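A, B, ... follow the sequence lines: proteins, then strands. Residue 1 opens every chain. All of these numbers come straight from a predicted model, not from anything done at the bench.
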Amino acid sequence: MSRIGKMPKDYRSKPVEEGVFAYWQERAIEEKVRGAGQGKFYFLDGPPYVTNPIHVGTAWNKILKDAYIRFYRMNGFRVRDQPGFDMHGLPIEVMVEKKIGIKSKKEIERMGIENFIEACKSFALENLQIATRQFKNLGVWMDWDGPYRTLDNHYIESVWAMLKRADERRLLGKGKKVVHWCPRCETVLAGYEATDEYRELEEESIYVKFKVEGKENEYILIWTTTPWTLPANAAVMVHPDFMYVRARSGGETYILAEARLEHVFSDPGKEYEVLERFPGSYLRRLRYRAPLLEEVPEQSRLSPAHLVVLSDQFVTLEEGTGCVHTAPGHGEEDHAVGEEYGLPDFCPVDERGLFTEEAGKYAGKSVRETNGEIIEDLKSKGLLFKTEKTKHRYPHCWRCKTPLILRTASQWFIRVTDLKERLLEENEKVEWIPDWAGKARFGNWIKNAKDWVISRQRYWGIPLPIWVCGSCGKHRVIGSIEELRENAPGTGDVEPHRPWVDRIRLKCECGGEMQRVPDVADVWMDSGSASFACLGYPKSREEFERWWPADLILEGQDQTRGWFYTLMVCSVVLFNEAPYKRVLMHGFTTAQDGRAMHKSLGNVVFPEEVIEKFGRDTLRWYELGCTTWEDLRFTWKSIEETARFLNILWSTYYFASLYMNLDNFDPGEHTIGDVEKHLRLEDRWIISKLEGLIKRVTEAMAGCRVFDAVRDLEEFMRDDVSRWYIKLIRRRTWTEEEDPEKIAAYATLSHVLLNYLKLIAPIVPFMSEEIYRHVFAGLEGMPESVHMLRWPSASEERMDPELEDEMKVVKEVIEASFSARQAARIKTRMPLLRMKVVTGSESVKAAVERMRGVIEDQANVKEVEVITPEEGWRMKDVVLIPNRSILGPIFREKSGLVSSAISALNGKEVIEAFERGEGVWVEVEGLGRVEVRKDYVSVHERLPENYRSEKCRYGEVFIDTTRSDELLAEGLARDVVRRIQEMRKRADLNVDDYIKAFVKAPSEDVRRALESRATQIAGEVRAKELRISLQEPDFGAPEEWEIEGEKYTISIEKI
RNA sequence: GGGCUCGUAGCUCAGCUUGGUAUGAGCACUCGACUGAUAAUCGAGUGGUCGAGGGUUCAAAUCCCUCCGGGCCCA
């Protein structure tokens, strides 16, 4: 025979969690749980970048993942839970450069690419270990022994296969693109890499005069924040529909937008006169003289160039002059307009951000540092109109923080623009949570997508598997190491990283030699290929067939343009299908101050800190309870609140298990089905509540709304179980014998608590395991871990919404009685003679009558009666109090008389008359008949002396406060019982020890009263002998107590 | 500047889809009770112009528009 086990009294997170970790390890629980399950569920982990230790925000991400994985496991799924790590890319290169103290590509080449790559690799592997330890430490059950790593050969081959497919589908392109360029890293950066790091800069912006051809003293006025792009100027853009003017000032004529006149000539002394107004289209093809023609001779060879072009998209009137300097080599918008007009995309800037020979005078100089010189040159040529300090946001390299420049460069790219429609169609099939993340945000992002520049002029990454022929220029894309070997006979083992792979040459059809392009892939392509690469596709089809596509991915909102996107693109390139069925997007974590957590701000909170102070479960309950897709503002106060709740939860299990254990209760012997006919209403009620909870929590979890589940679970435990149900069954748990109703309470309680434990297992895996091990694991037929239990399903038959409603009424009524007691200063221990519930509602009446027992017990009242509002009204007395502040101004010196006349009225009759809409008059000496208006009086309802009332939502509750000897005796007896219980506890007696007790009463009346209750008292305090006397106790250690102002002496002794 | 999103009690947040008095929840605070869950538990009370302003409606925290402030993303 088995029974409910005991558990420790206090919740201490540290020993609990350490113990559970050890238990899992010892019994290989994690492996057993992971190996079980039938249906497939492919969870795809977004690979974190391995350069920084994780903070509570990163932890949130993994904890969310863990909760859902556990949920699906409990539902019988075989969950693929391979974690991943993003291990290539520029960030690691930068970290390694810092570590070995070098700064440029030149230095890397000098130390040897081979050595550099080795350093990057060991850095990445080292950090993978650190991150793994941190994630494991959170209690995240993923396959930490077999993560996918983007640096593995087979992973690289998968990416190659995708690129080969892209080439076959003619989606791989090469050509000139205006790109964000980091002059320090000497590589292109994708737009999204750049925009991670927009920073506010205050710089000199300039107004420049472009001389109109064939006119003296007439200029187009332009404005720019990047003087260094002027050597590449090819045109001026104006808006065809905006109004422009020719304005005269200081002997010169300027062309600019009318709307900008005021700002441009705002300086004191700058007067102007408008000569002419016209729309921008009028300026079309107006030719001007390039401002730096002399400094940059190459300018004279540009054609067509130096003319006004029209654009209705890129010209604004927010700043500048409405005439926009256009350099197609240095701006995406400029480039677009340039293509439309056939302008040359002149870009005299090299990889290091230095001007080339083509830039004439400026050749060899760093572009941003040339700004000053260019301004000086313009000034000396009389072309500088004015300068202005301007704040503007400027992109910086996401890792090395160098300001970026825009330049034209030849790059490899994926023709995403050709795939747009397909991407949008596939996105329609994806379930996004919340739905606006996909419909609105991700959809918009795809609609605006541009071609994806994938080549990076760097070292540590997946080398582009593209070989180009030196003679005929043809290219070939290789899809695997095997294919590479076939194409290059004599090649031994292939290390696909640089520089080894660079040495492999292929033979071209034309007979020429093919060499690999030196670029590596954008690191986003690594992670973007994860959906199939971690399955070993295309080498291993089996894994792929079994799992792909992913059932769920879950990442932060910043991944809209990151992983969510690249994952989709890579998959559509390869399979023309979305790689995931569901995407859950979560918010960002900010610090207490509402700002993002940053090392530099010193506001980072690490999970280890929270774990140390409050435990993993506390962190998990708190974070999982936050609305997933909103920002999580981490506060210690909330953590403390969560810890307090978990304490209540623990205490509830402790309390329940204590009594069930004491009574040798075995839930296997008494299921709720077995005790059906002994179930009380409150038992049925909590079971009904539980079933509703199971249903809602299951829906919430399945709908990726774990926070709804957490909030629901919290409310149930706190309000329904701890504060209410436990209170209702307390008396039953104190009975000694095998009372069937006690057994029914235990059966109910264990049913509720075991099922609740299953529901919280994915949220708080440690605490639930600890409770389970102590309380339930010893029972027959139970598995060794809570995580091996099946998720419960809700029983519709046991749901009883009517009963739940009735309990609501009952709770209200009892609470109202407490309020009334408080007003009457009668404590709960003192029994009341009767309570009247005033209601006109049949359902309220039914509820009160049906659950009379609960009310009598909880409100400590002898008799409950339901009366109608009319009956209630009849019990009341109504007093009218004349409203002097209203009567005074109206009746002046007669108001005293009016007032007494009103007081003399029968209040009840007056109110009833008012309600019928009839008038009420009083006879006042000297005034005759006066009508009593409603506002002349305030109405006071009064119950008879012995009653108190309190209103609640369902009516009104009257309590009868009449005292009687019998009631007093009962109250007194309860008081004495409490004192003895207190003494038992202080004497450290076991709950089941027996005692003898002696009570010295303060008076003969009290003695007699207590004597009449002796059996009850003795029973409740487990006294085999009980003496009530006026003498002093003659054994034990007597203690003095005060009850209702009188002195009692009590002594007890264990027997 | 554009897209998406958030703005409800001192704090952290429900409610908004499907308009109907916010008995809003927890915490904090005040008062009280309990003392066989006690470094626990329970009750009562204080506290909101639901970011601001307009509109639709008999009725708006909820629907629409504008604005202000925070976040993510894009320029």
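- Here A:Lys9 reaches the OP1 or OP2 of B:U38: one of its side-chain N or O atoms lies under 4.0 Å away.
- To the nearest whole angstrom, the two C1' atoms, one in B:C13 and one in B:U18, are 23 Å apart.
- OP1 and OP2 of B:A33 both lie 4.0 Å or more from every side-chain N or O belonging to A:Arg821.
- For A:Ala745 against A:Arg732, the heavy-atom pair with the smallest separation is CB-NH1, 3.5 Å.
- Rounded to whole Å, the P atom of B:G43 lies 15 Å from the corresponding atom of B:C34.
- Heavy-atom nearest nucleotides on RNA chain B were determined for A:Arg974 and for A:Asp10, and the one closer to the 5' end corresponds to A:Arg974.
- Residue contacts for A:Arg718: at a heavy-atom cut-off of 4.0 Å it reaches the sugar-phosphate backbone alone, with no base atom in range.
- Of the C1' atoms belonging to B:C74 and B:C11, the separation is 34 Å, rounded to the nearest Å.
- Contacts of A:Leu658 with the nucleic acid, taken as non-hydrogen atoms under 4.0 Å apart, are absent.
- Straight-line distance between the C1' atoms of B:G1 and B:G10: roughly 37 Å, to the nearest whole Å.
- A:Glu333 comes within contact range of the sugar-phosphate backbone alone, with a heavy-atom separation under 4.0 Å but no base atom that close.
- Environment of CD in A:Glu715: sparse, with no more than 12 heavy atoms of neighbouring residues, nucleotides or ligands closer than 6.0 Å.
- Using a 4.0 Å cut-off, some side-chain N or O of A:Arg561 falls inside it from OP1 or OP2 of B:C74.
- Spacing of C1' atoms, B:A59 relative to B:G3, comes out at 34 Å, to the nearest Å.
- Annotation: B:G51 and B:G69 have their C1' atoms spaced 8 Å apart (nearest Å).
- Taking only distance into account, the side chain of A:Thr627 never meets the base of B:A14 through a donor-acceptor pair shorter than 3.5 Å.
- Between A:Phe564 and A:Trp432, the distance separating the two ring centers is shorter than 6.0 angstrom.
- At the heavy-atom level, A:Glu815 lies under 4.0 Å from the strands shown only through sugar-phosphate atoms.
- Aromatic rings from A:Tyr622 and A:Trp60 are positioned such that their centres are separated by 6.0 Å or more.
- Nucleotides B:G19 and B:U62 place their P atoms 12 Å apart, quoted to the nearest Å.
- Residue contacts for A:Arg711: at a heavy-atom cut-off of 4.0 Å it reaches the sugar-phosphate backbone alone, with no base atom in range.
- Here A:Val977 lies out of heavy-atom contact (under 4.0 Å) with every strand.
- Between B:A39 and A:Arg644, no contact under 4.0 Å exists linking OP1 or OP2 to a side-chain N or O.
- Along RNA chain B, the nucleotide closest to A:Thr635 and the one closest to A:Lys727 are compared, and the more 5′ of them pairs with A:Thr635.
- B:G71 and B:A28 are spaced 27 Å apart, taking the C1' atom of each and rounding to whole Å.
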